[in-house]
2 protein chains.
Amino acid sequence: MKLEHYARLSAEEKDALDALTQVRTRRVRSRDDIIREGDAPSVINVVLEGWACRYKTLEDGRRQIIAYLLPGDVCDFSAPVLREMDHSVGAITTVTLAEIAVESVGHLFATYPRLTQALCWDALTSVSIQREWTVNVGQRTAFERLGHLLCELFVRQRLLGLTRGGVCDLPLTQAEIADTIGLSVVHVNRTLQDLRSAGLISLGGRELTIHRLEALQRAVLFNPSYLHLGHEGRHLDAPPPNP
Amino acid sequence: MKLEHYARLSAEEKDALDALTQVRTRRVRSRDDIIREGDAPSVINVVLEGWACRYKTLEDGRRQIIAYLLPGDVCDFSAPVLREMDHSVGAITTVTLAEIAVESVGHLFATYPRLTQALCWDALTSVSIQREWTVNVGQRTAFERLGHLLCELFVRQRLLGLTRGGVCDLPLTQAEIADTIGLSVVHVNRTLQDLRSAGLISLGGRELTIHRLEALQRAVLFNPSYLHLGHEGRHLDAPPPNP
DNA sequence: AGCGATCATTAACATGGGTTAAGTCGCAGG
DNA sequence: CCTGCGACTTAACCCATGTTAATGATCGCT
């Protein structure tokens, strides 16, 4: 479903993908690891349901969350090529994974070149997001960083049809948010208050509401071009109503 | 030459690559842009000589350098797939580029699958570096960030055979370093003094000397596994002599 | 050789965000 | 119903890093 944003796929191509993802699935409980640094996974894991994150830990315990994986995202792109994982992937919520054999992927792409293109697009977009995160942590203020993260997670979910008006899931603890944008938990909390009292968002009970997306985007210098939404990515859910 | 670290290539494969890079070259002067955000380059640019950087600018002028490109690095991987660049690439030194037509690449990879593998490895490594940069800026102190950057640039150059003992080029201004690791110029300067007076490095006249690489690595929590040096990448230049 | 521009350095002062610590709330398990 | 634990909140205090500004050093250019 997600790849459809990147290239029109034929019914046949979609069937081939579906067949792949149904072969073998795995369930990982919330907060457990999906893959650990140093593993050399022999299958490719794709998130079918739930949220996961990539993260790296320094020797002294500091942790940085490097990416969030939503349904349709691939956990271990590098598996077939690089020797071993240089970071871990953990489950945020309970996650359902498809485990895909490396060989079957090779065959699939040889048969359907348009799939290759779609997957390339996907991979390049995730690199682009990674770059934007570097900018986020390197240049923005706490307020901007946090707002930017919320914008991104909202828009990505909207692409997947997972938003309800201006509302979406946000199953992260403040500690996880802190490790994502390089702030302390305390300051994340302070900054959330700021965003709330600016009337831009509501957040609580694992649910985020963005009251005025346009205004928030402007306030935190969020420019979605790095998500490469392109043409196809716009018609999924109406933008949030102006309250 | 660089791809050789990732896969043993046959003479024939190397010749094919050489032929490509000699077709058309371009020279860009120090501090000029190679590609601008919004461009949709019709050729793929590969750095043959000199240093370049990827960077993004916020509306208010803040700038983040996102990556450094050394000889052998590709400027615009995404060109064939994504519509347009979401960031710019600028020349640090004077840079020589090979301009490669997109079509000829497709043909090349169809003919020599091992090249594809090598290029994948290269691309995945650059993503891995990007992730580590997020960690660097998000979690490390000024001292660690700067030391980590210097370690990386040294090791990457050593891979290319561009170091001379513990010495390598470092054609960056302190302002550029600042924009790379998310610090102010003033603080970069202070922190450089710290590194110097700790006896770890000397820096001046566009030349970096790392006096005790091991010690520096330990002091700044530099773990080179994210560079995926693997087997082949080690024998190029002796590690620096212990003074 | 002299000039202007860019780059490095330093000092004094200001502040955003970290740290510590304490308290609250909600909820799963006994 | 009580207990305990994890997540959230708030306040007080402090330090790493930013800002501003002034001075030197370097370097390409004429």
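Numbers restart at 1 for each chain; the letters A, B, ... are given by sequence-line order, proteins then strands.
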Discussion item. Closest-nucleotide mapping onto DNA chain D: is A:Arg206 or B:Val186 further toward the 5' terminus? I mean the 5' end.
Written reply: A:Arg206
Worksheet item: Which comes earlier along DNA chain D counting from the 5' end, the contact point of A:Arg31 or that of B:Arg145, where each point is its nearest nucleotide?
Response: A:Arg31
Please report the distance, rounded to the nearest Å, between [atom1] in [X] and [atom2] in [N].
X	N	atom1	atom2	value
A:Leu146	C:dG17	CG	P	11 Å
A:Asp179	C:dG18	CG	C1'	14 Å
A:Leu192	D:dT10	CG	C1'	14 Å
A:Leu183	C:dG16	CG	C1'	10 Å
A:Leu170	D:dC8	CG	P	10 Å
B:His187	C:dA8	NE2	C1'	16 Å
B:Glu144	D:dT17	CD	C1'	15 Å
B:Ile177	D:dT17	CD1	C1'	17 Å

Worksheet item: Would you say a side-chain N or O of B:Asn189 is under 4.0 Å from OP1 or OP2 of C:dT9?
Response: yes
Practice prompt. Would you please confirm or rule out a distance under 4.0 Å between OP1 or OP2 of D:dC8 and any side-chain N or O of A:Gln193?
Written response: no
Worksheet item: Going through the distances and angles, do B:Asp76 and B:Val74 end up as a side chain to side chain contact (heavy atoms under 4.5 Å, CB included)?
Response: CA-CA 6 Å; B:Asp76 37 19; B:Val74 181; 4.3 Å; yes
Worksheet item: Quick one: on DNA chain C, does B:Gln174 or B:Arg190 contact a more 5' nucleotide (nearest heavy atom)?
Response: B:Gln174
Under 4.0 angstrom, heavy atoms only, what part of the nucleic acid is [X] near: base, sugar-phosphate, or nothing?
X	result
A:Gly204	nothing
A:Thr191	nothing
A:Arg196	sugar-phosphate
A:Thr173	sugar-phosphate
A:Gly205	nothing

Worksheet item: Without hydrogens or angle criteria, can the side chains of B:Tyr226 and B:Glu152 be said to hold a donor-acceptor pair below 3.5 Å?
Response: yes
Fill in: Expected output: side-chain B:Thr209 to main-chain B:Gly166 donor-acceptor under 3.5 Å
no
Worksheet item: Within the distance-only criterion (no hydrogens, no angle test), does the side chain of A:Arg54 pair as donor or acceptor with the backbone N or O of A:Cys75 below 3.5 angstrom?
Response: yes
Discussion item. So if I apply the side-chain contact (heavy atoms from CB on, under 4.5 Å) rule between A:Val135 and each of B:Gln64, B:Arg62, B:His87, B:Arg63, which one comes out positive?
Written reply: B:Gln64
